[in-house]
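All values below come from the heavy atoms of this structure, side chains included, with hydrogens, waters and symmetry mates left out. So that the names make sense, note that chain A is the first sequence line, chain B the second, and so on, each numbered from 1.
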Amino acid sequence: MTSRIGVVLFPGSNCEQDALEAFAGLGAEAEVLWHGDATVNGVDAVVVPGGFAHGDYLRPGAIARFSPVMSAVQEFAAEGGPVVGICNGFQVLTEAGLLPGALQKNRGLKFICAMVDVRVESSRSILTSEATVGSVLRIPINHFEGNYTCAPETLAELQSDDRIVLRYVDNPNGSVDDIAGICSAGRNVVGLMPHPERASDPLLGSADGLGLLSSVLQAASVGV
Amino acid sequence: MCEHGGMIFSVHVDVQLRPGIADPQGSTIERSLPTLGFEGVVGVRVGKSIRFTIEAPDEATARQHVGDLCDRFLTNPVIEDSTVELSVVEAASA
């Protein structure tokens, strides 16, 4: 059966079409989940895409986390459903408490839009199950608040529980421990700053994101 | 007069990034000051100033509600601290 992927659309999201197209290209049925509807429409996996949800007012993700759809996403995640937050989506998931820590402003003073190398650190997550630990992927980043930070005890927990799934090879933004992506204790919620959906075709400069997206599809096909 | 016979408080929440959290706005301002002729200004930090009024039966309750609001929404405790100033603008009606 074809897996159904739901991509959340907030006012100010701007990567939802890229995500829809990338997943459709992998054979999934990809659909939009409207932020004002308190349901995930029975999809098999949820993607919270990049952009500037609610204008990033107050803080990135601070207002989006109170959207009706997020209560449904919380329930879906609590039941073990695969949830991926990309860039602004990662910020939304940390604000919602689905992932620990926070994304602060980049070290240095710049918004960074660049192709970077990230290393797969763990294959024990719904985003990296089909990736090889130690492999290096070329995936673009595009953010101002991508500098991951958390309390020392949280970092120790992430490290000891193998929950850091992606690290930057050459840290572009000051993230603690070079973190580019982490997963929840249940390993079904993943947040990452790089944009795998923008590295989904050689024409885009890299297709290295496909292995991550197909991992999500794999998790989706297993079902909740 | 308040609808429920409560009091109205004027609230000012000052949100600041916690020490050690990157503040590009503050750094940029600080670095630009010498070019304008302002020497010796250091430690510039840019925060947010949020003002509103709240109705509550008494000051303790108002402070509790504002504290809750700060923790759950106005600040992200991982990276921000807040201080609250609160004053009565309209006392309980007789």
| said: Under 4.5 Å from any heavy atom of chain A, what part of I79(B) do you find: side chain, backbone, both or neither? | reply: side chain
| note | Honestly, the part of E80(B) sitting under 4.5 Å from a heavy atom of chain A is side chain
| query | For residues T128(A) and S125(A), is any side-chain donor paired with an opposing acceptor at under 3.5 Å? | reply | yes
| task | Please check if the side chain of D58(B) supplies one atom and the backbone of A60(B) the other of a donor-acceptor pair under 3.5 Å. | result | yes
| request: Could you grab the distance from atom CD1 of I5(A) to atom CG of L20(A), nearest 0.5 Å is fine? | output: 10.0 Å
| note | Looking only at K105(A), R107(A), E95(A), the option with the highest number of non-hydrogen pairs under 4.5 Å against chain B is K105(A)
| query | Do you know which of R59(A), Q104(A), R65(A) has the most heavy-atom pairs under 4.5 Å to chain B? | reply | R59(A)
| Atom CZ of R72(B) with >12 non-hydrogen neighbours under 6.0 angstrom | no
| query | Which bit of I50(B) comes within less than 4.5 Å of chain A, counting heavy atoms only: side chain, backbone, both or neither? | reply | side chain
| request: Taking only Lys NZ, Arg NE, NH1 and NH2, and the carboxylate oxygens of Asp or Glu, determine whether R18(B) and D81(B) approach each other closer than 4.0 Å. | output: yes
